[in-house]
Amino acid sequence: MNPFSSGTRLSDMIRAIRASKTAAEERAVVRKECAAIRASINENDQDYRHRDLAKLMFIHMLGYPTHFGQMECLKLIASPGFPEKRIGYLGLMLLLDERQEVLMLVTNSLKQDLNHTNQYIVGLALCALGNICSAEMARDLAPEVERLLQFRDPNIRKKAALCAIRIIRKVPDLSENFINPGAALLKEKHHGVLITGVHLCTEICNVSSEALEYFRKKCTEGLVKTLRDIANSPYSPEYDVAGIMDPFLHIRLLRLLRVLGQGDADASDCMNDILAQVASKTESNKNAGNAILYECVQTIMSIEENGGLRVLAINILGKFLSNRDNNIRYVALNMLMRALTVDSQAVQRHRATILECVKDSDASIQKRALELIYLLVNENNVKPLAKELIEYLEVSEQDFKGDLAAKICSIVEKFAPEKIWYIDQMLKVLSEAGTYVKEDVWHALIVVITNAPHLHGYTVRALYRALHTSCEQESLVRVAVWCIGEYADLLVNNSGMLDLEDPITVTESDAVDVIETAIKHHTSDVTTKAMALIALLKISSRFPSCSERVKSIIGQNKGSFVLELQQRSMEFSSVIQKHQNIRSTLLERMPVLDEATFSGRRAGSLPASVSTSGKSPLSIPNGVAKAAAAPLVDLLDLSSDDTPAPTSSGDNFLQDLLGVDITQPSAQPVSGMQPSQAGADILLDLLSIGTPSPVQNGSTNGDLLSMQDNNAPIASMDTISSTSPTAPSSMMDLLDGFGSTPPKNEDKSPAYPSIVAFESSSLKIEFIFTKKPENPQTTDIVGNFTNLSPNVYTDFLFQAAVPKFLQLHLDPASSNSLPANGSIKQTMRVTNSQQGKKPIVMRMRVGYKINGKDVLEEGQINNFPRGL
Amino acid sequence: MTCLIMLASGIHFVLLVSRQGKVRLTKWYSPYAQKERSKVIRELSGVILNRGPKLCNFVEWRGYKVVYKRYASLYFCMCIDQEDNELEVLEIIHHYVEILDRYFGSVCELDLIFNFHKAYYILDELLIAGELQESSKKTVARIISAQDQLVEVAKEEASSISNIIAQATK
């Protein structure tokens, strides 16, 4: 005897599960039951099959795996009796879904059952088909369903109609077959059939414009009459819901009329009267009536213009909006949103009420209302609305602050009448909900600030004040730290005082104090701290008296476990200590950030909700070529895969730090690269430190050096600073070299640094680049092949391959044999069709013979200077 | 205007959850993998069970709307598209509850636990493909009882046959 086959009854199992006190106990019961069911399945036990399946369904509902029972469903469905089929189909719908292949096996049984003489079995099959059929099944069984639409029993016809809906959703092409039978259903009297028939026709109209035309011509009048009959029919207990005759049928009729009336004046005309009647006569004190009114308003708004009706509809929404029932207010807000495109004036009239809804205690209503208010804001009402919203931001729930702050930022940015107002509002938002403000939003703020020179002083002072009250709001701290770093002198001198401002006294050491607080505050993250370090460095140049103190604060981070901070700390200390002569030029104020570039960059990386804000009135396109935006994105997006060049945060930093000297008059403007563009690069970099890339731990000194090729100004510096640019020298050396050698112009310095393209124990390949200014896409490369071994290489052959956007031309090498420790040259020319967007990459292979023995070396070169 | 109104694709799923967060019925009309199903249930019961009594019956969730209503210890939830008529779905929920009530005779949670399959059968007479099929409670009750009758007859036959066999082999 199988100890499991005795089995328990379904109710016993449920009781045992309910009696379990712990999850473990429940699992044990389920495990035991599943074992018994499996045993019974293996024995192919027919008597218990439907009981087993019932148990499995319950177990399934609890979330346990039950796939082993799937075949049992099919067996039950295939058995002849109604009880087995009933449970089998139920199991099928519960345990399987349309994506399982097992489902295909049931198609045949379904087909048989759809043709069964017992109408209840036909009903079961239709129900299963309607709930889980896949596209293939839909194709196979559509003819059966079509036939059943004319079945004698109305209960089968209604099921077939819903099946047809599912079939059309799966295979829209099949809709043609259902047009005529669908139209026939519209003449039915049975409510179930009428409801499903109307719905079927609506669905057909949605997928086929021909069908829509057909129904519009043939059925509009009939449907209007049906709706009139239903609306005027006397009380009938069977269909009555709260004193209203069959609201479900009402709603479906209204919906089909909406589809027919939209875009067709005649059809719309035809239904005007009945819509007016429904809108004005329907009882609005119960949910059922309101459901009809809601649907009716939607129909009136969608069909062709009829002034009188629209007024009626808007009035209904107005009444909804003042209803005490939250559900009704919710749908009113929902509907007003859609009405906005039809009649925005009418919606504006309800602005005050909607604003109240933003402050509702119900999160669903708040959310709806906020969306709506967001759409209602325009240049005329932005000031009062923003004021209200910001005031509410102070008292709103934590969960809601994020949404609210994002919307406020978006509207003040979009509709700000003047910059000072924008800055004021943003500071308020940052002080209240700075933690919720997204990165691109405060980046935008900084861009605006730099573009408003007359407000620099005002802004930095306002930020200084705000920092004292809301030091835990991350984004506020970042903006403040950045501005204090840039405009510290304005903060201390009270310069550029506006009339409306109260003067404040800030000493130089106060300025250092706030930055120090930001570095040490527990809520500050790496980005903030990194920004604070830069700010300190800048302050040290603005206020030489604070230099010592700044140095000690920066020095405290030398032991930081965060590589980024440690590195900055080391490098900045060195700047302060050893490079007094270049410090002031190095740390000059940032040039104005380009708004057009920034907004372009933003639009590409933002979700639709914010980018819909359209063209910001604050953005002043200043003629910088669009192309500039692309490399910026690349530069900043360190994780993107089309920048194979090894990057790390140190890379960014180097550019930040050293790139600043591009503004230095002595720096040589690099051919093929617009200074403004390069300037924007660095500036955006500075901003982008907010996105610390996953720091590649390999950023050793050697790396640093190989990375400097990314920026042209560094390139020129590179040639200045070291005699052998490719020799692995430390970062400190680099700076020292820079300090000891006074910068001077060198006429023949190449525009791009040379690189070590390849190095093995036996061979080293260096590339030297030159570019003709008149042809920026083309780069001439001189390859220098050096033999590092004491052997002679013969039959030396260098081969290279490049991606499609590059063109490569190889000249013959100066020789095909390499003497011991000697070198040869080979020139090549690369044309980069995506110049400025994609860096050059190259695969290379070198073959040669040592004493007649073949040697092959391969590699990929992806440390080409950027911008080639 | 040539564009058609975006029509909703009906109810995506029906969920019955007890106040303790126990699932009492789930019906999926749109395909959800098993893992997603449990995630959806967990997420939604977290949101819905925590809402206060006076708030509206709609929750916005993953771009959909969930209409829910509490009856005694059970929450009835239905998930619909943004464009759907929330008030009507509330009526559908009520319609279902009234039919259950009529069938079980003042229905309680225990009825739905031990007779969960019956609750499913009734739902299948009410909704197919996530769309309403019948607005008459009487019709639904009649069809259900006719089918129950069929099952009873089959059972009696089976037991009378086994009786005959038992007698014959005595």
Side-chain angles (χ1 to χ4, degrees), chain A residues 11 14 18 54 57-58 61-63 81-83 86-87 90 94 97-99 120 126-127 130-131 155 158-159 162-163 165-166 169 191-192 195-196 199 202-203 205-206 212 238-239 241 246-249 251 258-259 262-263 287-288 290-291 294-295 302 326-327 329-331 362 364-365 367, chain B residues 1-7 9-10 23-29 31-34 37-38 41 51-52 54-60 82 85-88 90-92 94-95 113-114 116-117 120-121 124-125 127-139 143 146-147 150-151 154-155:
Chain A
S11 53
I14 297 177
R18 282 172 55 75
M57 285 190 260
F58 192 84
M61 205 152 58
L62 297 175
F82 177 78
R86 195 187 196 193
I87 195 105
L90 183 59
L94 277 183
D97 68 53
E98 58 178 283
R99 288 172 302 191
Y120 292 106
L126 279 173
C127 181
N131 283 343
N155 291 315
K158 73 185 186 196
K159 285 190 164 75
L162 292 180
C163 265
I165 292 179
R166 170 101 184 186
R169 281 181 194 160
H191 280 215
I195 283 179
T196 54
H199 203 111
T202 317
E203 205 81 21
C205 287
N206 266 325
L212 175 63
E238 192 170 356
Y239 297 107
V241 178
D246 206 338
F248 304 108
L249 182 54
I251 288 171
R258 170 155 86 237
V259 176
Q262 192 185 36
N287 182 59
N290 284 327
Y294 180 42
E295 199 69 39
S302 305
N326 277 344
N327 288 343
R329 282 198 293 149
Y330 177 88
V331 297
D362 187 328
S364 297
I365 290 184
K367 202 169 164 212
Chain B
M1 255 169 52
T2 50
C3 72
L4 298 170
I5 301 172
M6 244 324 273
L7 251 209
S9 53
V23 180
R24 295 304 177 209
L25 180 145
T26 56
K27 186 90 182 172
W28 308 85
Y29 296 103
Y32 286 83
Q34 195 59 46
R37 291 184 183 184
S38 14
I41 294 169
R51 276 175 70 86
K54 287 270 169 65
L55 306 182
C56 72
N57 296 79
F58 318 125
V59 173
E60 293 181 23
Q82 289 286 352
N85 187 332
E86 303 90 343
L87 299 178
E88 191 211 0
L90 269 183
E91 277 311 310
I92 293 180
H94 190 68
H95 195 51
I113 295 172
F114 285 95
F116 68 93
H117 50 296
Y120 279 106
Y121 292 144
D124 283 342
E125 289 303 327
L127 299 174
I128 287 182
E131 302 293 349
L132 185 76
Q133 65 167 309
E134 184 55 68
S135 58
S136 156
K137 297 185 263 291
K138 213 166 110 193
T139 308
I143 299 173
Q147 297 186 59
L150 275 181
V151 175
K155 260 193 201 163

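Just so we're on the same page: letters track the sequence lines, and every chain starts at 1.
Across A:Glu238 and B:Ser136, no two heavy atoms sit closer than the pair OE2-OG, 2.6 Å.
Between B:Glu131 and A:Lys158 there is no salt bridge, since none of the side-chain N atoms of the basic residue sits less than 4.0 Å from a carboxylate O of the acidic one.
Both the backbone and the side chain of A:Leu94 come within less than 4.5 Å of a heavy atom of chain B. For a residue to count as touching a neighbouring chain, one of its non-hydrogen atoms must lie under 4.5 Å from one of that chain's; by this rule A:Ile87 touches chain B with backbone and side chain alike. Heavy atoms of A:Asn131 lying under 4.5 Å from chain B belong to its backbone as well as its side chain. B:Arg24 touches chain A through backbone and side chain together, each having a heavy atom under 4.5 Å away. Neither the backbone nor the side chain of A:Arg329 comes within less than 4.5 Å of any heavy atom in chain B. For B:Ile41, no part lies near chain A; criterion is any non-hydrogen pair under 4.5 Å. Looking at B:Gln34, only its side chain comes within 4.5 Å of chain A, counting heavy atoms on both sides.
Note that OH of B:Tyr121 and SG of A:Cys127 are 11.0 Å apart. Values are rounded to the nearest 0.5 Å. To the nearest 0.5 Å, atoms CG (B:Leu55) and CD1 (A:Ile365) are separated by 8.0 Å.
A donor-acceptor pair is defined here as one N or O able to donate and one able to accept, closer than 3.5 Å; such a pair exists between the side chain of A:Asn326 and the backbone of B:Lys54.
Chain A forms more heavy-atom pairs under 4.5 Å with one residue of B:Lys138, B:His95, B:Arg51 than with any other, namely B:Arg51.
Every residue meeting the ring pair (Phe, Tyr, Trp, His ring centres under 6.0 Å) condition with A:Phe58, not counting sequence neighbours, appears here in chain and number order: B:Phe116. For A:Asn287, the side-chain contact (heavy atoms from CB on, under 4.5 Å) partners at least two apart in sequence or on another chain are B:Leu87, B:Leu90, B:Glu91.
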